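This structure is a prediction, so every number in the text was calculated from the model and none was measured. For the numbers below, each heavy atom of this structure counts, side chains included, while hydrogens, waters and symmetry mates do not. Residue indices begin at 1 and follow the sequence shown.
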Amino acid sequence: MKNSKLFWLLGLVLVLSIFLAACGGGEETDGGTETPDSSETDTSNTDEGGDDAASTEGGEPDAEQVLNLVEGAEIPSMDSAIAEDSVAFNILNNVNEGLFRLNEENVAEPALAEGEPEVSEDGLTYTFKLRDANWSDGTPITAQDFEFAWKRALDPEVGSPYGPYMMAGTIKGATEVSEGGDPSELGVVAEDEKTLVVTLERPTPYFMSLMAFGTFYPQNEAFVTDKGDDYASNSDNLLYNGPFMLTNWDGTGLTWTMEKNPEYWDAETVQLETINVDVVKETSTALNLYQSGEKDRAGLSGEFAMQYADDPEVVKELEPTLFYLKFNQERNGEETPLANVNIRKAISMAFNKQDLVDVVLANGSLPANYLVPTEFTFSEDGEDFREINGDLTGFDAAQAQEFWATGLEEIGETEVTLELLGGDSELAGKMDAYLKEQLETNLEGLTVNLKAVPFNVRLELDEAQDYDIQNAGWGPDYQDPMTFVDLFVTGASHNLMSYSNEEFDSLVEQAKGELAQDPAARWEAMAEAERILIEEDAAIAPIYQRATMALQKPYVQNIISHPFGGDYSYKWAYISGKE
């Protein structure tokens, strides 16, 4: 673990413990970010402070301040109310801003808020004062912009996947508003242009970190209303209040630019003038662009990761991002073979994860036999949550075949054909082909048909629950096991696979409510919920915890990587030492 991240983790534990004491407990909302299937063309993060860092802060800006990057997938949406994926949230983090922002140490600090909010004694009411700041068109940012945006994210007609997910159960009245209730009942009120008052349903210790998340960004009501259906359809139909402005994005294309925002309240901190981004889905192509000097970073995987592992320009980082197979138990109103627990257990144990990370990925990713990542969240005593359950399930071909035989007998079949939905990048294709070979080899009578689609299409098929097995990824929105665990509560907006277990639901609810002020018991409840999900029900099959390995030019300085929310911040980045 990097020293800077360790400092942040221990610091946040202290912050949370202070909030628990001050607010009398309270618990989590849901969270997490949909992630593309692979990271071979990841944008640019650094391993700041670590031994592998190729881009730690050094020198002064002394060259043309232009950064050239590649991205692994198109932008599905730039509407902060609609965004639900890591690509969109990463860009939103750089072209917009909320009340708070994660800083260089990954601690949430005031951004559009002029300082820390006033918090009521019962921990339920937060009063924010806004600083003087403008949208990119020069229009002042007001408290009404926050009230409008949050209510819009809860409007059933808007169809936000994250508004209800992040606010229901946390902000007073959010559940009712998301179900069609009166928006005026929401506990969000702009008392005047500079004062925003937020009332919570229950004390939420990590509420300030939520204020840095994209769903809670403001929107200008007059602009959104004027644009109508064209709002966020391209870079010209958006307003920006962050360090950069998105330009040259047509709404669907494979290229875009971010340019420094002269109206940004902290523009003097921003050194980069332009960030050029192209979607590149093949590792070899990205590598060629890097070597020719056209790009400043190229993600590595497979044979390329092994080839360049010792290169002095390599940067590495283990991320708290988990990839897994989602088993859809009901498709188009009909039960699938995956409704049978023995079929699910068989598939979850029938592929060699170690070989997948060593040979197919080869970038430092870890085989995952769990849901909550390692080196992600810690107790006050420094214990990794991962230590409670350890590994829950792993590769065991013989055991998988026994479960398979039992499952086939129970469903009255001798052969089963299932579709595996995955991404359309080069690495995603290699990974899904590996999974197909493993599953068909180790489970006699199983046929796996691969379906490769762009990331935005996969999100649409997931929303429609139109798949059998899906290769999916999830990154956290705040530092707590709950950001992963409550994904799979019955009816949760990101469940979308018809999984339901009353005991699991009860444990999650206890961890959010009655156990909120008992950290040890709360962790045990979440750990037991994780065990039920993975070991007992095999509702999903964990595959790997992602690490990144990339070549990055040594003149690229001080790009900040984040463990949740937007993946990277370019606010503090600059170019130094480029010949």
Asks: Looking only at heavy atoms, which two atoms of Tyr165 and Ser493 are closest? And how far apart?
Replies: CD1-OG, 3.2 Å
Asks: Please confirm whether the backbone N or O of Asn288 pairs with a side-chain atom of Lys295, one donor and one acceptor, at under 3.5 Å?
Replies: no
Asks: With a 3.5 Å distance limit and no angle check, can you tell me whether Arg331 reaches the backbone of Gln465 through a side-chain donor-acceptor pair?
Replies: no
Asks: Hey, could you give me the OG/CG distance between Ser365 and Leu322, rounded to the nearest 0.5 Å?
Replies: 10.5 Å
Asks: Dump the intermediate steps for side chain to side chain contact (heavy atoms under 4.5 Å, CB included) on Asn495 and Leu487, then the final yes or no.
Replies: CA-CA 6 Å; Asn495 184 320; Leu487 267 176; over 6 Å; no
Asks: Any donor and acceptor pair, going by atom type alone, linking the side chain of Asn501 with main-chain N or O of Glu503 inside 3.5 Å?
Replies: yes
Asks: Hey, is the main chain of Leu289 close enough, under 3.5 Å, to the side chain of Ser292 for a donor-acceptor pair?
Replies: yes
Asks: Determine whether Ile469 and Leu338 make a side-chain contact, defined as any pair of heavy atoms from C-beta on separated by less than 4.5 Å.
Replies: yes
Asks: Please check if the side chain of Ser235 supplies one atom and the backbone of Trp249 the other of a donor-acceptor pair under 3.5 Å.
Replies: yes
Asks: Any idea which heavy atoms bring Met526 and Ala511 closest together, and the distance?
Replies: CG-CB, 3.7 Å
Asks: Would Glu440 and Val448 count as a side chain to side chain contact (heavy atoms under 4.5 Å, CB included) here? Give the steps.
Replies: CA-CA 7 Å; Glu440 291 183 344; Val448 177; 3.9 Å; yes
Asks: Here's one to test your reading of the geometry: is the NZ or CZ of Lys353 within 45 degrees of the ring axis of Tyr544 and under 6.0 Å from its centre?
Replies: no
Asks: Do any N or O atoms from the side chain of Asn93 and from the backbone of Tyr568 form a donor-acceptor pair under 3.5 angstrom?
Replies: yes
Asks: Taking all heavy atoms of Leu92 and all of Ala83, pick out the closest pair and write down the distance.
Replies: CD1-CB, 3.7 Å
Asks: When the ring centroid of Phe376 is compared with that of Phe484, is the distance short of 6.0 Å?
Replies: yes
Asks: Is the closest side-chain donor-acceptor distance between Asp537 and Tyr499 under 3.5 Å?
Replies: yes
Asks: Whether the side chain of Glu530 engages the backbone of Val485 through a donor-acceptor N/O pair (distance < 3.5 Å, no angle test) should be reported.
Replies: no
Asks: Please name the residue in the list Thr255, Asn276, Thr257, Asp236 that meets the side-chain hydrogen bond (donor to acceptor under 3.5 Å, both in side chains) test with Asn248.
Replies: Thr257
Asks: Under a 4.0 Å threshold between the charged nitrogen and the carboxylate oxygen, would Glu317 count as salt-bridged to Arg546?
Replies: no
Asks: With distance as the sole criterion, is a donor-acceptor pair present between the side chains of Ser86 and Asn90 under 3.5 Å?
Replies: no
Asks: In a check of side chain to side chain contact (heavy atoms under 4.5 Å, CB included) between Thr393 and each of Lys345, Arg531, Glu535, Met349, which one passes?
Replies: Met349
Asks: Going through the checks in order, is the side chain to side chain contact (heavy atoms under 4.5 Å, CB included) test met by Leu507 and Asp505?
Replies: CA-CA 6 Å; Leu507 287 164; Asp505 294 350; over 6 Å; no
Asks: Evaluate side chain to side chain contact (heavy atoms under 4.5 Å, CB included) for Arg297 paired with Val315, printing each intermediate quantity in order.
Replies: CA-CA 10 Å; Arg297 179 179 170 100; Val315 293; 3.2 Å; yes
Asks: Do Pro481 and Thr377 make a side-chain contact, defined as non-hydrogen atoms from C-beta onward lying under 4.5 Å apart?
Replies: yes
Asks: With respect to Tyr324, which candidate in Asn471, Ile540, Ile534 satisfies the side chain to side chain contact (heavy atoms under 4.5 Å, CB included) definition?
Replies: Ile540
Asks: Sort and list the pairs that fulfil salt bridge (Lys or Arg N to Asp or Glu O under 4.0 Å) and have at least one residue in residues 394-413, not counting sequence neighbours.
Replies: none
Asks: Quick test of your reading: applying ring pair (Phe, Tyr, Trp, His ring centres under 6.0 Å), list the pairs with at least one residue in residues 394-413, sequence neighbours left out, ordered by first then second residue.
Replies: none
Asks: Report the distance from atom CG of Leu420 to atom CE of Met431, rounding to the nearest 0.5 Å.
Replies: 9.0 Å
Asks: Would you check if the side chain of Glu319 reaches a backbone N or O of Gln545 as a donor-acceptor pair within less than 3.5 Å?
Replies: no
Asks: Tell me, do Phe488 and Met497 make a side-chain contact under 4.5 Å, heavy atoms counted?
Replies: yes
Asks: What distance separates Glu419 CD from Asp468 CG, expressed to the nearest 0.5 Å?
Replies: 5.5 Å
Asks: Does a side-chain N-to-carboxylate-O contact under 4.0 Å join Asp462 and Lys326?
Replies: yes
Asks: Looking at side-chain heavy atoms only, is the closest gap between Leu418 and Ile347 below 4.5 Å?
Replies: yes
Asks: Within the structure provided, determine whether Leu361 and Leu427 are in side-chain contact (heavy-atom separation under 4.5 Å).
Replies: yes
Asks: Below 30° counts as parallel, above 60° as perpendicular, anything between as tilted: where do the rings of Phe89 and Phe213 land?
Replies: tilted
Asks: With a 4.5 Å limit on heavy-atom distance, are the side chains of Leu496 and Asn328 in contact?
Replies: no
Asks: Determine whether a donor-acceptor pair (N or O, by modelled atom type, separation under 3.5 Å) exists between the side chain of Gln552 and the backbone of Asp296.
Replies: no
Asks: Would you tell me whether Glu313 and Tyr290 have side-chain atoms, one donor and one acceptor, within less than 3.5 Å of each other?
Replies: yes
Asks: Could you pull out the closest heavy-atom pair between Thr252 and Asp250, with the gap in Å?
Replies: N-OD1, 2.9 Å
Asks: Report the distance from atom NZ of Lys281 to atom OG of Ser425, rounding to the nearest 0.5 Å.
Replies: 8.0 Å
Asks: Can you tell me how far CG of Asp278 sits from CG of Asn68, rounded to the nearest 0.5 angstrom?
Replies: 8.5 Å
Asks: If you take all heavy atoms of Val87 and Asp85, which pair is closest and at what distance?
Replies: N-OD2, 3.0 Å
Asks: Please examine the side chains of Leu325 and Gln470, heavy atoms only from C-beta on, and report whether any two atoms are closer than 4.5 Å.
Replies: no
Asks: Quick check against the 3.5 Å criterion: does Trp474 have a side-chain atom that pairs as donor or acceptor with the backbone of Thr483?
Replies: yes
Asks: Does some side-chain heavy atom of Asp424 sit less than 4.5 Å from a side-chain heavy atom of Val453?
Replies: no
Asks: To the nearest 0.5 Å, tell me how far Leu435 CG sits from Lys430 NZ.
Replies: 14.5 Å
Asks: So does Arg152 pair up with Asp79, basic N to acidic O under 4.0 Å?
Replies: yes
Asks: Could you give me the CA-CA distance, side-chain angles and deciding distance for Ser80 and Gln219, then say whether side-chain hydrogen bond (donor to acceptor under 3.5 Å, both in side chains) is met?
Replies: CA-CA 8 Å; Ser80 59; Gln219 293 183 341; 3.0 Å; yes
Asks: Please name the pair of heavy atoms, one in Lys512 and one in Asp486, separated by the smallest distance, quoted to 0.1 Å.
Replies: NZ-OD2, 3.1 Å
Asks: So for atom CD, which belongs to Glu437, do other residues, nucleotides or ligands contribute more than 12 heavy atoms lying within a distance under 6.0 Å?
Replies: yes
